[in-house]
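Encoded as structure tokens, the structure appears first; notes follow it.
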Amino acid sequence: MRLRTILLRTILLMTLVSAGVHFESAAALAQEQQTQATAETPLVDTPSAQAAKELEKAKVQLGSLQDSVKENADNDDALVGIATKADELSRAVITISVNLRPRFDQIKNRLGEIGDPPKDGQPPEAEIVTQERNALAAERAQINAVTGDAENLSIAVTKLVNEIIEMRRRLFADTLFRRTEISVSVLDDAAGAFVHEVSEFSQALSSWAAFVWKFKRFPLFAAIFLSLASALILLSGSYRLFGAYLLRDEAVENPSYIGRLSIAFWSTLIRTLALAVLLVTSFFFLNSFNVLRPDIAPVIGALFGTIGLVYFVGRFVNAIFAPREPHWRLVKLSNLGARSIGYCLLAMAVVNGLDYLFGTVSEAMGSPLVLTVVRSLTAALIIGIILIAASFGKPMLARSGDPDAPGRHWPRGMAIILRVVGAGLIVTALSGYVGLARFVATQLIITGAVVATMYVGLLSGKAISRQESFGDTFFARFLTRRFNLGPVAIDQVGLLVGLAIYAVALVIGVPLILLLWGFHVQDLQLLAYRLFTEVKLGGISISLLGICTGILLFAGVYLLSRWLQRWLDSNVMARSHVDLGVRNSVKTGIGYLGVGLAAIIGVSSAGIDLSSLALVASALSVGIGFGLQNIVSNFVSGLILLVERPFKVGDHVVSGTAEGIVKRISVRATEIETFRKQSIIVPNSELINGLVGNWTHRNKIGRSEIPVSVSYDADPQQVMDILLELTAKIPLVMRNPEPHVEFLRFGPYSLDFELRFFLADMGDGMTVRNNLRIEILRRFKAEGIEIPLPQSDLTIHREAPAAITNEARDVRPSSADAAAGEEEHRVRQLRGRTAEASLKS
């Protein structure tokens, strides 16, 4: 029994031990598996993991765009939309890569702090350090992988954009150079299609009109009212602002060149824009109120476009050629020539507009292509004939200058150009290249009118911005009366107005020309976005929007620092009675600090990396060592003067040949104003390295002296008492130290004294000395004290007359007259000898 119990206990103990070993092994294995799983599990919560997810979405979107490009290879409008989406995708991919850079830099810095893992033989590191290094290394590898994928994806998107651009270029070229056979059968088919199209369009238009009048009457009137209101608001505001430039004054017989240019430009621009607003808002409201049917909406849009085109060309003709007002005409044409050229241009605009309108009707009605070809052929032929006919006219102004007289022929070169272009249109159209001929004809009319209007606008801006030209305009006279501006300010305003006119002409004209030459609105939006956000100059990217923002921030911070300067000076330091020199030092320091801070903020906001300026600084250091050392020396000296303040603004200083009052201390030079009101600019390095006398360094107390001389008959003690008495009556003279009279010397003709006294402010010295001298002179006269003048003793010695007589007797005349003359000459010589004189002083 006992043996059995022992055996059972032994078996139980062995079982427990075995189970414990298996438990520990299982726990270790579980821990190892968990560690391995942790190491292999992706970092789902890190920025790189989020970026990887966004890249996967971008890849899917890129695939969708590639499929869309294949499906719409022949649709230019669809390709424009796809290109816009691809550009947005490219920017999004670049943003993903850029957003990972800060995290990558953090990981790099942290790994540098942790260091490399210990090598063989070195003591082991803490487990937590190893885990952190491994985690950071894994995240860095993932960031590198994501960045590589982003670069590859960006390259793929760029390739897709270039492919779209090439496809659109090929489509444009194919459309222009597509050839069509022109034959009698084609003309017959076009005639039949035209009759069928007119019938169908009449039925559609009548049914739509009946439907609108019956069910959409109120929305129709509401749309018309709102569009008219918008156009009238624009037109009334324009007349209020530019009324003087919209109407010609018939009373003016000889208008100025600026006036003619301004009225031509603004009348064409403002009135065309007002009509454009009316037409665009009408179409928008009609479409928004569901008045237009899908088949009628394109036709109404084409009708509005035709009306706008014809009106614009008409306004342009009236502004430039002025057929009925020769004194407002901008070109040298006769009256008949101005009317004929105007009618030709207007006729070509009408032909272009009708061709566009009928083409839209054909598309809406589903007419065959042959009708479009014949219609474009007809328009190109008519425009070519008009150009050839115009080349044989006589539109140029007669040599007499009379606009009513018969004109002269075109210049030979201009007539040849018109004939060649007209004949080229006709030949191109008859050869089957109807699309090319139609495109060229359209550009001749619309692009020519836009370019001419832009040119007139640029000429107006140039004329207005010319010096002393803006003052004669109505707007300048209004500004002068309203704001009381002087001639210089008006001239500067004229320069700004000229630049504004430049901007208006370019901002409106350039997009219109681009639209006419095949660009889409999305293209212009993308071009503007790239222009304002990223301009590539080699390897440098410049953002115009960032530069403008940087300039605005620089100006704002600079103005804020100036305001802070004035506020501290006038409110804080002035009320605290701070010394003038301290106030100047604080103002100067805040000014330079504000400029530096504004420059840093402006440059950073402009997108310029400040670290890239290190190369510039290193290059400048070489120049500082050679050519800029004087500038740097003056700059450092200026900082020393502002901080140490050996003299301050308002001090009376003497430096070399300069003596005067310190007016301004800057970091480069100090301005000293002499007592003759001459400003002397002294470099700061000379003031630091040279000897500078400062009469008011610690205070403005200074000693003044008045020298006084009296005759030897005066009583010295009385003189001294009088001087002290007169000095004591002046309040500005300090009592401590007290005034003093010094008996200097016994002079050659006078007793010399010097009155010495101290003033609390040396600036009062001149006034006090003048008043004292007046009182001293008045008192000395009253007391009978004489102020002597310099004295001189003059002694004249003359020779005896006998000497002259004895010398005259030695003369032996050869004849009576000669002896008499010679004797008289000798006497004159002897009498003219200089007498001996001695001056005793």
Side-chain angles (χ1 to χ4, degrees), residues 577 579-580 647 649-655 657-663 672-680 692-797 835-841:
H577 301 285
D579 183 71
L580 183 62
F647 53 82
V649 174
D651 282 358
H652 180 184
V653 298
V654 179
S655 173
T657 59
E659 178 179 2
I661 306 300
V662 178
K663 289 296 182 181
I672 298 176
E673 185 181 271
T674 64
F675 298 106
R676 299 177 64 182
K677 298 301 179 181
Q678 179 189 19
S679 295
I680 299 178
V692 180
N694 190 352
W695 287 96
T696 56
H697 178 47
R698 303 191 183 279
N699 50 56
K700 294 184 178 181
I701 297 176
R703 194 185 77 175
S704 290
E705 301 88 11
I706 299 179
V708 178
S709 298
V710 298
S711 65
Y712 274 90
D713 296 335
D715 183 6
Q717 187 61 45
Q718 182 185 8
V719 172
M720 296 171 65
D721 294 340
I722 291 173
L723 293 177
L724 293 175
E725 178 186 350
L726 294 176
T727 305
K729 294 180 179 180
I730 299 178
L732 296 177
V733 176
M734 297 180 64
R735 301 298 178 259
N736 185 19
E738 62 182 6
H740 173 68
V741 179
E742 183 75 20
F743 193 162
L744 294 179
R745 69 183 67 84
F746 296 96
Y749 57 87
S750 63
L751 302 176
D752 296 334
F753 299 85
E754 187 174 72
L755 173 61
R756 300 169 181 172
F757 54 90
F758 286 86
L759 298 174
D761 188 353
M762 283 192 60
D764 301 328
M766 184 177 295
T767 303
V768 173
R769 287 192 296 270
N770 287 340
N771 294 336
L772 263 177
R773 291 189 184 102
I774 295 173
E775 293 298 327
I776 290 171
L777 182 60
R778 185 180 298 141
R779 184 65 177 275
F780 279 4
K781 287 182 178 180
E783 297 292 339
I785 299 175
E786 181 183 357
I787 299 178
L789 298 175
Q791 298 178 0
S792 300
D793 293 336
L794 181 63
T795 304
I796 300 175
H797 297 279
E836 181 182 356
S838 61
L839 181 62
K840 298 179 180 180
S841 59

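- A salt bridge links Arg779 with Glu783; the closest basic N to acidic carboxylate O contact falls under 4.0 Å.
- In terms of modelled atom types and a separation under 3.5 Å, the side chain of Arg735 and the main chain of Val733 share a donor-acceptor contact.
- Atom CZ of Phe746 sits in a sparse spot, with 12 or fewer heavy atoms from other residues, nucleotides or ligands closer than 6.0 Å.
- Closest of all the heavy-atom pairs between Leu723 and Val708 is CD2-CG2, 4.2 Å.
- One distance of note links NE2 of His740 with CG of Leu724; it measures 8.5 Å at 0.5 Å rounding.
- Note that OH of Tyr749 and OG of Ser711 are 12.0 Å apart. Values are rounded to the nearest 0.5 Å.
- Nearest heavy atom pair, residue Gly765 against residue Leu759, reads CA-CD1, 3.3 Å.
- Rounded to the nearest 0.5 angstrom, Arg773 CZ and Leu755 CG are separated by 10.0 Å.
- To the nearest 0.5 Å, the span separating CZ on Phe780 from CD1 on Ile722 amounts to 5.5 Å.
- The shortest non-hydrogen separation linking Val662 to Val653 is CG2-CG2, 3.7 Å.
- Inspection of the His652 and Glu659 side chains reveals an N or O donor paired with an N or O acceptor under 3.5 Å.
- The two residues Val692 and Ser655 have their closest heavy-atom pair at CG2-OG, 4.1 Å.
- The number of heavy-atom neighbours closer than 6.0 Å to CE of Met734, taken from other residues, nucleotides and ligands shown, is above 12.
- Residues passing the ring-ring contact (aromatic ring centres under 6.0 Å, His included) test with Tyr712, sequence neighbours excluded: none.
- Here the closest non-hydrogen pair linking Val719 and Ala714 is CG2-CB, 4.3 Å.
- Smallest separation of non-hydrogen atoms from Ser709 and Ile787: O-CG2, 3.4 Å.
- One distance of note links CZ of Phe753 with CE of Met720; it measures 7.0 Å at 0.5 Å rounding.
- Between the CG atom of Asp752 and the CD atom of Glu742 there is a distance of 12.0 Å, given to the nearest 0.5 Å.
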What's the verdict on side-chain contact (heavy atoms from CB on, under 4.5 Å) for Ile730 and Phe757, showing C-alpha distance, side-chain angles and the deciding distance? CA-CA 11 Å; Ile730 299 178; Phe757 54 90; over 6 Å; no
